[in-house]
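Below is one structure, written out as structure tokens; the observations come after it.
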Amino acid sequence: MELQQLVTDVHEILAANGDYTNLSDAAVYQPSIQVDRKNVYFILHEANGKQVAKSLVVYEDRAQVADFDARESVQDANKTLVVGDLNETNWHALVKRFAWVKPTSRHGYKYTFGLGDRLGNASNAHLRLFKGRGIMPVLAQQSIRELLLTNRTETDVVLDAGWAVFEEGYTDGWAADGDHVKNPHEVDYAVKAGCSMITLDCTEKIHNEIADLSDDELDAKFNALDVDLVKYFNETYLDKDFQISDQASVHFSKKDVEQSVLIFFGAVEYAEFIYHKFVVPYNLDFEISMDETIVPTTPANHYFFANELHRKGITPETLAPKFYGEFQKAIDYIGDIDRFEREYVVHEAIAEHFGYKLSIHSGSDKLSVYEIIGRLSKEHGWHVKTAGTNWLEALRVIAHVDPKLMVELYKFSYDNLDDVKAFYVFNAQTDGTAPKPETINTDNVMTLLSDDDARQVLHTMYGSILNLQKSYRYVYRDRFFKILKDHQALYDKYLNAHIAEHLDLLQGLAKTKAEVQAKYEPTIQ
Ligand SMILES: O=C(O)[C@@H](O)[C@H](O)[C@H](O)C(=O)CO
């Protein structure tokens, strides 16, 4: 783009007095335009084959503009216009000028939604869907596991999301979640990369093996604790009933007390350690997760955990119990929905009593329980986390554009599923009911995206697909990303239709899974 044309664009923007609907240069991406006094900022979209080349354009006083890493520049009276890349230096320079470009705490936002983007190009679509929806997007949300499997850094994740925020002019607030961090160096890494929130995964501090002890073994182990601890726990909880709300109460039997202490108290102490070492000093938005443990979090366990945190003066922003039933990757809820609702009432009451919101992990595709969650948490708020479902919508693009490649990706994933045994646990891994690759062809490949077992296979094999190399060359990664970027509009459409199904149910705009599928599924065929 000619620099003089950009100077003309700037003058037209300054003269437009905020009405940018009829700018003469279509390359100026209108949602990104920011005017601060006589300074102008925007993203330039230039066609690059089927893709869009993006540049930052800044028009500022000469002294200020030195903050930016300029590829080229031109003087205009006492101003300088620079053109630069969407890189780390330029993002931080924008953050100095516009606070909303930086991630912030979810505190004060009633409804918040995690939009984990394993590829780094879903956030623009997500933001266009979330604008005006009344839900705060946690755009940057990748677990350490996802970072390892995708060879991305936390900084990559924050920047990919942060540039989308500026580009879409999303000024309502967004968050960056250092997800499933388990130890001080992972927490420190997430904080220093600019995450506004951490999700402390307590899995390794939760003693699932206790659940297998006999009553006598449990009793012996509990009574082997320091006498003052045994005394405190028994006096505080044993045979006690806690009326939490009109609808919810929790009773502690001897077994409830002993299991809650021996399974969870170590995690309470660890959360306290991380809280004082990081959450307070860095003023972090704090989530505690126990959703990936083997033992479900009973209401008694949850009350115990929350009460012990409260006794230590700790109130997280959100807490993720492991609910009754199964929240497996990429598929709907598995379990007795009535029992889920009965127990959810108690979990929600506990969260309200102690002043935090429930967090729903593996929140993708749980269309059968969103109405319950949205209804029961409507007054107090909810946090729902998705990630892999956005990856699956990228695969839907591949299946639509290059069915032959998708057949190959599925066969590779099916044949190498052991790659993810150490990372994920799901039914399709064990029960062998996923479609056999020999039954999949270019005519039926799209059906993989609606088959539960195939979805789980594809949902978890993202790292293996993206990183497979032969003779030092990526087998799939380059082809994958070229197709996706050549068809960004199709990806955006798929993403928004699929996530809208989630939001409509959570926000009570629809009551059933069938309703939202009838509304949105036809748009993604
Ligand atoms: O796959 C992952 O590691 C993450 O997406 C993680 O599961 C995340 O916390 C989540 O629950 C998203 O649904």
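Position 1 is the first residue of the sequence; numbering continues from there. For ligands, and for the atoms within them, numbers begin at 1 and follow the listed sequence. Small disclaimer: the values here were computed from a predicted structure and weren't measured.
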Is any side-chain heavy atom of [X] less than 4.5 Å from a side-chain heavy atom of [Y]?
X      : Y      : value
Tyr520 : Glu501 : yes
Trp391 : Leu395 : yes
His502 : Val384 : no

Considering only N or O atoms, set out every pair between ligand 1 and the protein closer than 3.5 Å, with distances to one decimal place.
from, atom 1, to, atom 2, distance (Å)
ligand 1, 1 (O), Arg118, NH2, 3.0
ligand 1, 1 (O), Glu146, OE2, 3.3
ligand 1, 1 (O), Tyr424, OH, 2.6
ligand 1, 3 (O), Ser143, OG, 2.7
ligand 1, 3 (O), Arg145, NE, 2.7
ligand 1, 3 (O), Arg145, NH2, 2.8
ligand 1, 3 (O), Tyr424, OH, 3.3
ligand 1, 5 (O), Glu146, OE2, 3.0
ligand 1, 7 (O), Arg145, NH2, 3.4
ligand 1, 7 (O), Lys329, NZ, 2.3
ligand 1, 9 (O), Asp179, OD2, 2.6
ligand 1, 9 (O), His180, NE2, 3.0
ligand 1, 9 (O), His361, ND1, 3.2
ligand 1, 11 (O), Ser362, N, 2.7
ligand 1, 13 (O), Ser362, N, 3.3
ligand 1, 13 (O), Lys385, O, 3.1

(message) Suppose we screen for side-chain contact (heavy atoms from CB on, under 4.5 Å). Which residues come up paired with Glu204, at least two apart in sequence or across chains?
(response)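 With sequence neighbours excluded, Glu204 shows a side-chain contact (heavy atoms from CB on, under 4.5 Å) to Lys182, given in chain and number order.
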(message) Taking side-chain hydrogen bond (donor to acceptor under 3.5 Å, both in side chains) as the definition, give me every residue that meets it alongside Asp285, ordered by chain and number, with sequence neighbours left out.
(response)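 Result, side-chain hydrogen bond (donor to acceptor under 3.5 Å, both in side chains) vs Asp285: Arg106.
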(message) Suppose the criterion is salt bridge (Lys or Arg N to Asp or Glu O under 4.0 Å): which pairs have a residue in residues 114-124, not counting sequence neighbours?
(response)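 Passing the test, one end in residues 114-124: Arg118-Glu146.
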